[in-house]
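Predicted model only: the values in this text are computed from it and were never measured. Starting from 1, each residue takes its place in the sequence as its number. Just so you know, ligand 1 is whichever comes first in the structure, and atom 1 is the first atom listed for that ligand.
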Amino acid sequence: MAQRSGLSVFNSRTILFVALICSFASASAQDNPDAVETILTNARIYTVNAKQPWAEALAIRGGKIIAVGTNKEMAAYRGPFTKTLDAQQHLVLPGFVDCHIHFMEGSLGLTHVDLNDAGSVAEIQKRVKDYASAHPDEPWITGMGWTYPTFKPSGLPDKKFLDEVVPDRPIYLSAFDGHSSWANSKALQLAGITKDTPDPTNGKIVRDEKGEATGALKEAAGNLVSKLMPKPTREERLTALRLGMHEANKFGLVRVHSAGGDFEYLDLYDQLRKDGQLSVRIYVAYFLDPPGLSADAIDSIEHVRDTYHDAWISGGAVKTMLDGVVEAHTAAMLTPYSDDPSLSGKLFWDPAKYTEAVDELDRRGFQIFTHAIGDRGVRTALDAYQHAQKKNHTPDPRPRIEHIETISAPDINRFGKIGVIASFQPLHSYPDEDTLSIWARNAGTERAQRAWVWKSIQKEGGRLAFGSDWPVVTLNPWPGVQTAMTRQTRDGKPDAGFVPEQRLSLEDAIKGYTLGAAVAGRREETEGSLEAGKLADLIILSEDLFKMKPVDISKEEVLATLVGGKVVYESPKWKSFQIKEGQ
Ligand SMILES: [Zn+2]
């Protein structure tokens with residue numbers, strides 16, 4: 001937050017300075033009816049516009065791009081009040097979009113203990129302890145982001161590690177994937193969990209050889225503890241969202257597509273907009289649970305679409321989940337899991353009810369996001385979308401499938417044929433120990449050949465859109481770009497890449513986060529590339545992606561982010577904004 005307020009002081013001072021200079025200079029300056037507010041010059045602009053892929057400068061007025069071309073051409077748009085942003089030959093791209101995010105949840109996580117990349121028990125203990133001493137009045141200590149390989153050999157944490165650092169206050173920490181959680185003794189005691197507590201439906205209290213709870217709680221067992229935690233207040237949520245937006249802008253994000261957890265809080269986003277604090281555009285999906293689509297749900301979605309439909313906040317999308325995840329054998333597969341032939345996952349929906357819901361949503365023109373991870377889940381979604389298309393003939397519906405971790409070979413070309421958007425989160429395929437040992441073991445060698453097949457879908461005419469699924473993984477898109485291109489970890493493992501034929505070019509990876517994302521959110525008329533008439537949402541990058549080794553791209557840093565022509569983030573490194581009076 002310090003950085004944020006520092007930034008606004010900088011801006012208002014410089015604006016005042018420019019205004020003073022201009023008031024002296026304007027008498028002598030020629031009036032130019034074409035004058036713009038801002039000219040970005042000396043840039044290496046990769047526009048993502050096929051008709052003019054590269055440019056040197058662009059002109060911005062009223063939050064929109066007026067012209068794109070050379071430094072010389074943009075001089076025609078200079079007037080006495082025009083600001084100049086000298087990019088000093090840095091690479092400029094359209095602002096990035098995260099097509100699958102849980103923004104409220106991720107933002108709230110920023111205000112609690114963040115265990116992302118903690119790596120060891122000692123580091124987790126340090127972060128918990130530091131947080132506890134910095135927040136002596138908070139009755140609960142909560143957080144998320146721990147990973148299973150941290151706790152070898154069992155893969156599950158133990159309450160004793162938390163008791164060692166904070167014995168007197170309850171602690172509740174979720175795993176990075178949200179499927180398990182970890183409580184200390186105090187929290188277990190408050191929840192009344194003893195030897196005799198039965199496992200809840202769809203959950204498991206992990207126990208030691210004496211039957212005592214170890215502190216690890218699987219799936220729904222976590223609710224026994226989490227239901228006791230105080231709910232965040234409106235103010236806490238607003239504070240969290242401000243932090244979340246800063247985090248998003250810092251990594252170059254200008255828009256997010258919410259895949260759950262934000263629909264209920266649209267008034268908070270609206271509040272931030274009214275206060276002039278919204279710096280991330282948001283497209284929000286209603287989260288539809290099985291067994292069916294109710295009239296109330298339709299009313300809510302219609303109401304939100306009627307209320308929010310501009311470039312900052314918009315509704316009209318519906319997210320639903322057809323299946324679970326491969327790691328827990330809950331993703332729905334056409335054939336049994338390789339490591340356990342008794343399991344093949346289950347669809348969360350009765351396929352007939354799902355098809356009926358898709359038909360109705362499609363008929364009403366809502367955009368549908370279906371979470372489908374297993375090959376059976378993906379096929380069920382494709383079948384339903386095709387059914388709706390034949391029945392309704394809704395023009396350009398662009399239904400989406402989220403995740404698509406595995407797919408049956410004959411379904412690959414259906415994305416292009418039916419016009420279904422393939423919404424991938426490249427970092428989910430990050431080929432670390434978890435992916436290669438657990439995911440690939442469960443899916444099996446045959447299916448693992450078709451893991452995250454973005455390139456194959458694209459080759460067959462399907463359109464790609466990329467995102468993160470934050471807070472499951474970081475919202476930083478640069479490791480995602482790297483993974484989409486290399487199918488390797490940051491250390492270049494495995495040597496040949498994980499299913500290397502799925503590697504994308506840099507241009508295609510960028511497109512997934514820009515123009516492809518705009519198409520996936522029905523906004524390509526006004527967003528997704530840098531061309532005249534589109535919104536002035538852009539980023540200035542520290543290193544030139546076109547000159548970097550792909551395996552290093554995860555280290556990319558954003559120097560500045562502009563949303564609607566306004567600087568919403570600039571890095572401490574970025575000293576080169578030179579604001580000059582018009583000439
Ligand atoms: Zn998600």
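Partner E524 forms a salt bridge (charged side-chain N to carboxylate O under 4.0 Å, His left out) with one of K511, R398, R463 and no other, that one being R398.
With sequence neighbours left out, the side-chain hydrogen bond (donor to acceptor under 3.5 Å, both in side chains) criterion links Y286 to no other residue. Residues satisfying the side-chain contact (heavy atoms from CB on, under 4.5 Å) test with A216, not counting sequence neighbours, are L156, P157, V206, T214.
Ring orientation note: the planes of H403 and H100 are tilted relative to one another, at an angle of 30° to 60°.
If you look at the Zn ion (ligand 1), the protein N, O or S atoms less than 2.8 Å from it are H100 NE2, H102 NE2, D469 OD1.
With hydrogens and angles disregarded, no donor-acceptor distance shorter than 3.5 Å links the side chain of N392 to the backbone of T394.
Judged as a ring-ring contact (aromatic ring centres under 6.0 Å, His included), the pairs with a partner in residues 315-337 (not counting sequence neighbours) are, in order, H329-Y337.
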